[in-house]
Amino acid sequence: MVTAISAPGPHLRGLGIAYATPTQILREAWPELVEHQVSPYRGPEPFTAEHARYFHGRETAVEEALAVLGKQQRVLLLLGPSGAGKSSLVQAGLLPALADGRLPGSDRWLPLLARPGQDLTAELEQAGLPGAATEGIACAMERRLAAEPPGRRLIVVIDQFEEVLTHPTTAPKVRLAAIERQLVAVIGSPAAVSLVLVMRDDFYPRLAARAPDLLKAAAPGLLSVPAALGVPDLRAIITRPARAVGAHLEDGLAERIITDVLAADPATAATRRAPVTLLPPLQLALSQLWERRHDGRLTHQAYQQIGEVTGSLTTWCNTALKELPAEHRPTAERILTALVRPADDTHAIPATRRQVPLASLRALAAGPPPADEKSDLAFDKVLAALARRRIITTRTTPEPDGGPGRATAELIHDALIRDWGDLRGWVAADRDFHAWLNRVGEQQTRFAKDHHPGDLLDGTDLALAPEHRRGHGALYGGLNQGRIDAARLRRALVGVPLPRAADGRLVLAVDVSPWLRPDANTCADRSFCHTFGRGEGKHQMVPGWPYSVVAALETGRTSWTAVLDAVRLEPGADIAAVTTVQVREVIERLVAAGQWRPGDPEVLVVLDAGYDAPRIAHLLDELPVEILGRLRSDRVMRRPTPSRTEFHLANPKGGRPPKHGGEFVFGDPTTWGTEQAATTTDTRLYGKATAQAWDRLHPRLTRRAAWLDHDGPLPIIEGTVIRLVVEKLPSGGVNKPVWLWWSRTGATETDVDRCWQCFLRRFDIEHTFRLFKQTLGWTKPRLRSSEAADRWTWIVIAAYAQLRLARPLATDLRRPWEKPAEPNKLTPARVRRGFRILPTKTGSPAGAPKPSHPGPGRPPGSKDRHPATRHDVGKVLATGEAFSRPTHHKVGTKPRRGT
């Protein structure tokens, strides 16, 4: 530093001479010149009241919050996406503004800040509301106000209020209802209290569903955080904190950072406004720039080294992991994944961070048993390193009963879950384990509190415990290398008692359900599976393994079926041919098992619109089966061939006798004529159901597609067409007519009613597919071999058959909100819940493993020298021939017509 410039003498001596003193010596002489060490940037941590002088660029949002409180001073419900800086906005923006008197008398308001954590009332007590847990929140607030001088007002801030909605162990419906009543009472009370609730906006639907009264009471104070930041806001966020501590940015660095932030989201780049969700990576980049500053300057070189804005978070987290020894990194992965609550797709709850007691976290981080002193030491070192790098934070959480608090850990911000790709991958890999662990922990906590038998762990959860404890791929090894006698299992399935219709006949449903594997490029034998409702309700073809399933249907109000067979469809397979062979083999097994005898009613096979019902009926003509299938509404059928007398009367000049009668166009009522049978039935779900039947109608076949190589004349496959119209649909949708084709003629009114009622029962197989996938985990394993997928499919079918046989044995362990049901009328899910009584008599399905350690696996950083083969989807048929699109699948060649 230049400290003096000498004045020239009479003879101009000393002209142009200056004296400089080293900065280090000056700082030792004057300590106030020492460089400011407190970072004005917070990284992923929120700004608090002590950091208000560094909080800039959010003035508009603060003014909007003040305006809402200024109107009614009762409640502020602040909503915003994760990473929008809601906590900083309240703590470093709103509360300091109130302390400065921005609202009349607000300089005398008393702020209290709490998070729900494990227990909201206990947190409020720790924040300064004694008695909140015992006497209620409203009473505690009134007592606190009574102890203050007149004119005081409480402003109670509950940050991250979504934790009340995402913590099932401490906030079930009953507890949430109690919290809702207390907060509604606070909002409606005349006490001098202002309530500020800060919540992520993606939890708004859940708040509306589970706490509607609270949402209604807080509606006057509803405010959403501005969704975008302008260039002036970004410049203030970047430059003003540094200026407040005497630092500065190199020329052009602020504009470079602003340009990168705007370019991070191309959808908003044209408007020169950046999404507010980019605040966490921006703050993290600025905090890393501050750590790499050079003589009070934030430099371009440091900005390049940290990976700029978009790569700063990943670089920061990956650097922290690389600093750990290689043997400690698996421990770090287990710690980080344990601090994430997996997404609940069923209830539309996104993945969030969660607080985990250190004792539980230590057990989860230890890996496969047995834990030893070495693993405890590794946990302590990793936890300290992650806390030092501010990836996680630790705190003491009070107990609900007022006892000594527990030390807990949590991720520093939800942005880590959203933007750190490695963490997302670890969470996805351990999703099933943590979902099981959360479910078991919730049941244990509820049972310890209420002692309800329905919260006891059942045989399925207990059987999964040893599997998760192993830490090895034992399940995958068994599926990949094991063997299942599928033929014996098929015979066993038809040998048990099967459900029958009212007239004693068996009713079978056939349908295809896909095991979707769109990202499994190393899996062979994948086909394009038809799906619906994925992406704005559109039909899509997704790669996977399609399975054709045959199940016997029950009657009455039930969703049970008896699954009899499952066959995986090879790429390019003819679904009608596969279904014909499959149904033929099932019928033969039923006859061999004595389920059908001569003189019994014929077996009815129900198909959906994707099957060629007339062709299947022709191929199974020699078996005691009736085919009932749904037809598209644009089909055209033909009437019976006219006799010679009828032809000559209609054509007196003669001519070639036709092979087919007149057209029956589904879309043209003028071609229908008089029906042979008509019925009207009052139903519980569909209102009035009207059915019409026309006899002896057949499709006109042509020599192409499946009939291209048919020997001899093409057959005339006659049947009965049934048109069903209902008054309403349970879903409220458009009640379009349903067209059915039955392979028998001469239908009576009884036959018509039986046909359409059996067709409606076909939807029970959809419930079975949903149970297989969502409850029994059919599509959960990430298998590579299609043969292993077949083995797992048969294991799931066997498990479902055991549940069906256990119906009269299972106890109804219903939830408090469920209606009682008769023992033999339990749903499959409730039978599975009551299945827990059986392992006490039959033994546990899986025993505890022997203590062992997993193998070292492939060393980190090494290349995979044996990569798996990549396979195209549906390109090669089972015969080895290349797949080509049939000619009759091209547009304009389908023999269908409407009006």
Side-chain angles (χ1 to χ4, degrees), residues 454 458-460 489-513 547-566 582-583 586 589-590 593 595-596 601 603-608 628 683-686 730 754-779 793-815 818-838:
D458 61 9
T460 306
L489 187 54
R490 286 186 171 102
R491 292 193 298 270
L493 291 175
V494 299
V496 299
L498 298 179
R500 297 177 182 270
D503 58 354
R505 76 175 65 235
L506 290 169
V507 180
L508 306 182
V510 185
D511 204 352
V512 174
S513 183
Y547 279 84
S548 176
V549 179
V550 180
L553 304 179
E554 292 193 5
T555 58
R557 298 176 59 181
T558 179
S559 59
W560 283 97
T561 62
V563 178
L564 303 179
D565 192 32
Q582 186 180 19
V583 172
V586 170
R589 290 195 294 270
L590 290 172
Q595 297 285 4
W596 186 90
V603 179
L604 180 63
V605 180
V606 185
L607 309 172
D608 203 3
L628 176 67
T683 64
R684 181 178 59 88
L685 296 177
Y686 303 96
R754 173 168 52 83
C755 286
W756 69 261
Q757 291 172 6
C758 289
F759 176 78
L760 294 184
R761 297 258 32 120
R762 190 204 68 83
F763 293 98
D764 292 344
I765 198 172
E766 304 288 349
H767 295 285
T768 301
F769 292 153
R770 188 177 298 110
L771 180 80
F772 278 14
K773 295 178 180 179
Q774 298 181 359
T775 304
L776 301 183
W778 175 32
T779 58
T793 300
W794 279 111
I795 291 176
V796 172
I797 292 175
Y800 178 69
Q802 288 185 343
L803 291 179
R804 194 172 67 86
L805 295 175
R807 290 170 68 181
L809 305 176
T811 303
D812 185 15
L813 302 179
R814 64 184 182 89
R815 303 298 188 194
E818 293 177 339
K819 296 181 179 180
E822 299 179 10
N824 205 31
K825 296 294 184 180
L826 299 180
T827 63
R830 289 170 76 164
V831 170
R832 177 181 178 270
R833 192 186 306 157
F835 195 78
R836 66 197 65 183
I837 64 175
L838 298 182

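- Residue R589 comes nearest to L564 through the heavy atom pair NH2-O, 4.2 Å, listed as atom of the first residue, atom of the second, then distance.
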Are V603 and R505 close enough, and set up right, to give a side chain to side chain contact (heavy atoms under 4.5 Å, CB included), and what steps lead you there? CA-CA 6 Å; V603 179; R505 76 175 65 235; over 6 Å; no
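- Across every non-hydrogen atom of L628 and C755, the tightest pair is CD2-O, 3.1 Å.
- The two atoms that bring P499 and A562 nearest to each other are CD-CB, 3.9 Å, heavy atoms only.
- Within the 4.5 Å cutoff, the side chain of R832 has no heavy atoms near those of the T827 side chain.
- Residues forming a salt bridge (Lys or Arg N to Asp or Glu O under 4.0 Å) with R490 (at least two apart in sequence, or on another chain): D565.
- Between Y800 and W560, the ring center distance clears the sub-6.0 Å criterion.
- A distance-only check finds no donor-acceptor pair linking the side chain of E554 to the backbone of S559 [under 3.5 Å].
- Within the 3.5 Å criterion, the main-chain N or O of G556 finds a donor-acceptor partner in the side chain of R761.
- V563 is not listed as a side-chain neighbour of R804, based on a closest heavy-atom distance of 4.5 Å or more.
- Within the 4.5 Å cutoff, no side-chain heavy atoms of V549 are placed close to those of V510.
- To the nearest 0.5 Å, atom CD1 of residue I797 and atom CD of residue Q802 are 13.0 Å apart.
- The six-membered or imidazole ring of Y547 lies near that of W778, with a centre-to-centre distance under 6.0 Å.
- Separation of atoms CZ (R830) and CG (L803) is listed at 14.5 Å; rounding is to 0.5 Å.
- Between R557 and K825 the shortest side-chain heavy-atom distance does not fall below 4.5 Å.
- We find the CG-OG1 distance between D764 and T555 to be 10.0 Å, quoted to the nearest 0.5 Å.
- For the residue pair R500/Q595, the side-chain donor-acceptor check at 3.5 Å is satisfied.
- Distance check: L590 CG to W596 CH2 gives 11.0 Å after rounding to the nearest 0.5 Å.
- The structure places NZ of K773 at 12.0 Å from OG1 of T768, a figure rounded to the nearest 0.5 Å.
- Of all heavy-atom pairs between A801 and L493, the closest is CB-CD2, 3.8 Å.
- The two residues A509 and I765 make their nearest non-hydrogen contact at O-CD1, 3.9 Å.
- Here the closest non-hydrogen pair linking C758 and V507 is SG-CG2, 4.0 Å.
- In this structure the side chain of L508 never reaches within 4.5 angstrom of the side chain of L604, judged on heavy atoms.
- Side chains of Q582 and V550 form a contact here, defined as non-hydrogen atoms less than 4.5 Å apart.
- For D608, the side-chain contact (heavy atoms from CB on, under 4.5 Å) partners two or more places apart in sequence, or in a different chain, are R630, F759, R762.
- The side-chain heavy atoms of D511 and E766, taken from C-beta on, include a pair separated by under 4.5 Å.
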